[in-house]
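Each ligand, and each atom within it, is numbered from 1 in the order the structure gives.
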Amino acid sequence: MPTPDFSHFRVSDDGQALRILDQRRLPTEEVWLELGDVEAVALAIERLAVRGAPAIGCVAALGFAVASHGFADDPARFRDQARAGLARLADTRPTAVNLFVALRELEQTLAACDATAGASMMRQALSQCARDHVTADLQACDRLARLGAELLPSEGGVLTHCNAGALATGGIGTALGVLLRGRELGKRFVVFADETRPVLQGARLTAWELERAGVPVQVIADNMAGALMAHGLIQAAVVGADRIARNGDVANKIGTYSVAVLCRYHGIPLYVAAPWTTVDLALASGAEIPIEERDASEVRHHGGRLMTPPQVAVRNPAFDVTPAQLVTKIITERGVCTPQQLAHLQPSWS
Ligand code: MRU
């Protein structure tokens, strides 16, 4: 069983609280939050204390199981509160499909509990379901990281965007897992981390993770990647995903599409690393992926300072869709494939 390099969420021994590392405070402070009810979990997700597609699913599952200790002991009322809790969590962030996978698993677990099941039996079943979800994510990350590492160049530079590391998953990470395992194979590339405006997941989180892991990393402003490519400093790009449609279109952090266009122009491969829980075969193309529009204040402010005229209109789509034809390979725990082959990948490991 693989182990994560570090864990940014854990359930207390009595199962009644979930502690998470507050990602908004990184890299300068390591502050842990304690979540005990559904509303606290929902706010942590909405406000980006925890973020990254697989991590959102893991924390929603564990947080819901923990919160169920506060639901009524009467089984009918327990089920009503559970239904309301699942609806609240589903209303937090729309793009990462991993959240909805986790919520569906919890819902199915409850449905599978016999009509005579008491509250404590349902709590136990939910807790097991949440732990299974996290274990599956950990194992998926480990497997896809090993598969993806083979694709990386043995030297030069690799660009990544946003944060798709351990902080964004229940395991070693997706894109960053690939990079870490690539370095373990003896590959000597340096990582260029896009700062990733407006919330700076790259500058704050990716740089923090890679520095801790001893991987050489240089942070660049998002508008520098093209110039570095033109100078021959970048040989590959690896990013994560929030949702991948059946045709291989990829929704990921805003700016990924620009990276993809730059890669295509410069003849650089773009790899997308994601667990199978990120693949949404129900959607025919990326046009069907809901894109979250976040609060204007994230764009208007930087480092606590207002950067625009106070009333000026701004746009803040949190994600964009990269068309399948700009993606070189998709790396999942089921295997490495072209976007066109995605829908045909079968589970091939256990
Ligand atoms: O808004 P965020 O920080 O949740 O966005 C995260 C991303 O876009 C990541 O690249 C994606 O979730 C992959 S995480 C393994």
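- In this structure, the separation between CG on L342 and CD1 on I330 is 4.5 Å, given to the nearest 0.5 Å.
- Of the heavy atoms in R93, only side-chain atoms (C-beta onward) come closer than 4.0 Å to ligand 1.
- Residue A164 has no nitrogen or oxygen atom sitting less than 3.5 Å from a nitrogen or oxygen atom of ligand 1, judged on distance alone.
- Considering backbone and side-chain N/O of T169, none are found under 3.5 Å from N/O of ligand 1.
- Of the protein's non-hydrogen atoms, the one nearest atom 10 (O) of ligand 1 is N252 OD1, 2.7 Å.
- When heavy-atom distances to ligand 1 are checked against a 4.0 Å cut-off, N163 comes that close only through its backbone atoms N, CA, C and O.
- Residue F319 approaches ligand 1 through these ligand atoms, each under 4.0 Å from one of its heavy atoms: 1 (O), 5 (O), 8 (O).
- Cation-pi check for R212 over W208 is met; the charged atom lies under 6.0 angstrom from the ring centroid and within 45 degrees of its normal.
- The pair R104-E107 does not count as a salt bridge, with every side-chain nitrogen at least 4.0 angstrom from each carboxylate oxygen.
- At a heavy-atom cutoff of 4.0 Å, ligand 1 is contacted by the side chain of C162 but not by its backbone.
- The side-chain hydrogen bond (donor to acceptor under 3.5 Å, both in side chains) test with N163 is passed by exactly one of Q201, R204, R51: R51.
- Side chains of S127 and R131: a donor-acceptor N/O pair is present below 3.5 angstrom, by distance only.
- Taking distance alone, with nitrogen or oxygen atoms compared against 3.5 Å, A53 approaches ligand 1 more closely than that limit.
- What sits closest to atom 11 (C) of ligand 1 on the protein, heavy atoms only, is D242 OD1, 3.1 Å.
- Residue Q201 has at least one heavy-atom neighbour below 4.0 Å for each of these atoms of ligand 1: 1 (O), 2 (P), 3 (O).
- Ion pair R83/D80 flagged as a salt bridge, since at least one NZ, NE, NH1 or NH2 atom sits closer than 4.0 Å to an Asp/Glu carboxylate oxygen.
- Ion pairing between a basic and an acidic side chain is recognised when a charged N comes within 4.0 Å of a carboxylate O; R300 and D295 show no such pairing.
- Remark: distances from the non-hydrogen atoms of P54 to ligand 1 include one below 4.0 Å.
- Each of T174, V336, V272 was compared with I331 under the side-chain contact (heavy atoms from CB on, under 4.5 Å) criterion, and only V336 meets it.
- Using a cut-off of 4.0 Å between Lys/Arg side-chain N and Asp/Glu carboxylate O, E46 and R88 are scored as salt-bridged.
- Distances from ligand 1 to the non-hydrogen atoms of A241 include at least one value under 4.0 Å.
- At a threshold of 4.0 Å, the pair R197-D222 does not count as salt-bridged, since none of the basic side-chain nitrogens sits closer than that to a carboxylate oxygen.
- Both the backbone and the side chain of K253 come within 4.0 Å of ligand 1, judged by heavy-atom distances.
- Nearest protein neighbour of atom 14 (S) of ligand 1, counting heavy atoms only, is A168 CB, 3.5 Å.
- Every N/O-N/O distance between T174 and ligand 1 stays at or above 3.5 Å.
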